Amino acid sequence: MKLTRILTKKLTSFWLLSLTIVAFVFLLCAMMSFLQLTYKFQQQKVTELETMLANQYHSGSNWELESWLPPMLIAYNAASFKLWHHDKLLFEYKGNIATENLVRYQSSLKSNPEFRMELELPQPFSQHRPGWYEVLIILLGVGAVLAFVRFGYLWYSRQLEGIEELAQRSRLILLGEHEKALAMPGKGKPRLINRALSRLLEELADAQKERARFDKFIRSNTFLDPDTRIGNRLFLKNRLDALSNEQGMIAHGVLYLLELEDLDLLQQKLGDSLTLELLRQNVNGISQILQSQPNSFFARRSHNQFAIVVTQISLAEADQLAIRLLKVCQSQVLPKLDNADNFYHLGGAYFKVGDGHQQLLEEAEMALRAAQLQGINTWFMYDKGAVDQEFAKGSVRWRSFLEMALVNKRFLAYTQPVMDCDGKLHHREVFTRARDPEGNLVRATLFLPMAVKCGLMPQIERQTLERVLFELLPSEPDKKVCFSINLSLDSLMSRAFIRWLRTTLLEYRDLTGRLIFEVSEDIAAPNQEKIASRLQMIRKMGARLCVDHVGQQVISTQYIQDTGFQLIKLHRSIVRQIHLRPENQLFVRSLIGGLYRTEVQVCAEGVELFEEWQTLRILGVSAAQGSWFSEPMPATA
């Protein structure tokens, strides 16, 4: 039986060695005892000869030694014999034994000390050789011993395999791979310990799930409206802060305020349960429409007012979206309400890069008041007429621009450092910029949504990854520096892209360990089952996985451990002014506590102030990136 496990091999080897030593000592002692017994038997024969000489002497004066002593000596197989009386030689005998290994016995007769004899006999085994019968008996004995030793060795090895399985499960537990340890109960022995390990692992898995549920409960009570289960006013404030900086909004889009007129009166007539059911129907209808808008969020601003923010949308699309939102609200039945035609009012404010979010809220409220003044269910858009022309590019024009940028390789790589708590470089995140024919840089916030609509994300991310593998990684003087690249859902679901990625990572195995692939939380959590196998392939190739924009949505964080992410990045809405927001600090504490005893590192995005970074370090965040450390810089090979 071939044993490959270290513990079993050591124990069985020690057992076999000790058994072999015991058998050897036993055989040696038996042989020495047999030889000693043989020599003693020969000594006894010499003593009998002395007794016969003494008796013969006392029986008469004439011994007649020549008549009876030579046959006796021949029977003894003696080589020589001499008998002295004082110094006089009385009798001498020479046998025909031709051997050099003789045993000489010299002694005096006990009853007559004046007589002295000398007898030479051959060694007990010098004249005899074992025959085939004796050899067969010895071989059978040795074979029986070896057979029993072999049987004991195999039996002992099988018994130790149970201990080895326990050791294997224990090793997996120490490595943090609890799911693998739970999935291989095996036949570990002692079985009581094996069953105890299984029960503890099951309870630990339940505890981790419960911790994830508790973490979601904390975030739900902090950022969610308890009635409609959408974002509350605090959630809206965080998300608007994340979409802006000191210079204003960082993207273009539209903010809608939806107000339900006389909701209190309706609640008095219908009761709390029917009113809540009406609210949930409206929320579900609006949420279904917003599913087609990936860069959007929905929150309850007050008792009867809701806020909807959609980014990366043109003014014409914003008008069409307002019509759809109002239409889905009007489709809800309003029983026992006289002013059903004047119940829903929608006001929107279109914003561009640089607009302040406080001013944006004021403009949206003015648009809402303008809609209410009309006295019917309607909407009104506040438009300053300052929409940048590049926002209004059509899909055909954008496709042409992106395809030309791919052909001419006009996508540029920018990198931003991610620093750890000791001020050392943790890794660099790669961002993409595009250069138009006039030489101007186009922001990723502009072309990425259009690239998603045109289905060009796999080609863009493939070109970015090639730039990192072929230029940035080989040219980096510090060979330990890692680069992180973002992957979209389109790329992860593209079979052609995954096949190319697998082939490329195999070809550049020496560089794969320095790659980190980032996936947004709004992609990883809802599509966990779809992308799990692809992410697992990336991990097996040696690259690391990161999930970013964590905290943007109120969902359970159990997917982080289930999918095998090794790094997470907090969304800037959680990080922004965290030193002034205890509720955000509570969320970070809960998140880090849920990842306790795991190898998942927590990083932060969008750190702009020293106070933010200091607070994050106190909370246990491992690394961070943002303008406080460095702005994204062009990557140079």
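Fair warning: this is a prediction, and the values are worked out from it, not measured in the lab. For the numbers below, each heavy atom of this structure counts, side chains included, while hydrogens, waters and symmetry mates do not.
Applying the ring pair (Phe, Tyr, Trp, His ring centres under 6.0 Å) rule to pairs touching residues 501-544 yields F470-Y508, sequence neighbours excluded. For residues 412-422, the pairs satisfying side-chain hydrogen bond (donor to acceptor under 3.5 Å, both in side chains) are Q416-Q625, with sequence neighbours left out.
A donor-acceptor contact shorter than 3.5 Å is absent between the side chain of S520 and the backbone of H549. Looking only at distances, no side-chain donor or acceptor of R572 sits under 3.5 Å from a matching main-chain atom of D241. Although no hydrogens or angles enter the test, the distance criterion places no donor-acceptor pair under 3.5 Å between the side chain of N440 and the main chain of D436. For the pair D355 (side chain) and F351 (backbone), a donor-acceptor distance under 3.5 Å is absent. Under a 3.5 Å cut-off, the side chain of S475 and the backbone N or O of L472 do form a donor-acceptor pair. Within the 3.5 Å criterion, the main-chain N or O of I531 finds no donor-acceptor partner in the side chain of R534. The closest donor-acceptor contact from the side chain of R433 to the backbone of A413 lies at 3.5 Å or more, if one exists at all. Judged by distance alone, with hydrogens and angles left aside, the side-chain atoms of S590 form no donor-acceptor pair with the main-chain N or O of L586 at under 3.5 Å. Panel note: side chain N584, backbone I578; no donor-acceptor pair is recorded below 3.5 Å.
With sequence neighbours left out, H426 forms a ring pair (Phe, Tyr, Trp, His ring centres under 6.0 Å) with no residue at all.
Inter-residue side-chain proximity for N486 and D548 is flagged as met; some heavy-atom pair is nearer than 4.5 Å. Counting heavy atoms from C-beta outward, I538 and L487 have side chains that approach closer than 4.5 Å. Between R428 and V418 there is no side-chain heavy-atom pair separated by less than 4.5 Å.
No side-chain donor from either of S488 and D490 sits under 3.5 Å from a side-chain acceptor of the other. In summary, the side chains of E429 and S484 do not present any donor paired with an acceptor at a separation below 3.5 Å, with no hydrogens or angles considered. Side-chain polar atoms of S491 and S494 form no donor-acceptor pair below 3.5 angstrom.
Tested against K569 for a side-chain hydrogen bond (donor to acceptor under 3.5 Å, both in side chains), the candidates Q601, E518, E521 yield a single pass: E518.
Remark: S296 OG to L290 CG distance equals 4.5 Å, nearest 0.5 Å. Atom CD1 in I323 sits 9.5 Å away from atom NZ in K327 (nearest 0.5 Å). Rounded to the nearest 0.5 Å, atoms CZ (F629) and CH2 (W613) are 5.0 Å apart. The CD atom of Q312 lies 11.0 Å from the CD atom of E317; values are rounded to the nearest 0.5 Å.
A salt bridge does not link R576 with E612: none of the charged nitrogens is closer than 4.0 Å to a carboxylate oxygen. Using a 4.0 Å cut-off between charged side-chain N and carboxylate O, R514 and E476 make no salt bridge.
Looking at every heavy atom in both residues, D562 comes nearest to Q528 through CB-NE2, 3.2 Å. Contact between L515 and L465 at its shortest, heavy atoms only, is CD1-CD1, 4.3 Å.
Taking the six-membered ring where tryptophan is involved, the planes of F298 and F306 are tilted, since the angle between them lies from 30° to 60°. Between H252 and Y350, the two ring planes are tilted [angle within 30° to 60°].
More than 12 non-hydrogen atoms from other residues, nucleotides or ligands lie less than 6.0 angstrom from CE of M537.
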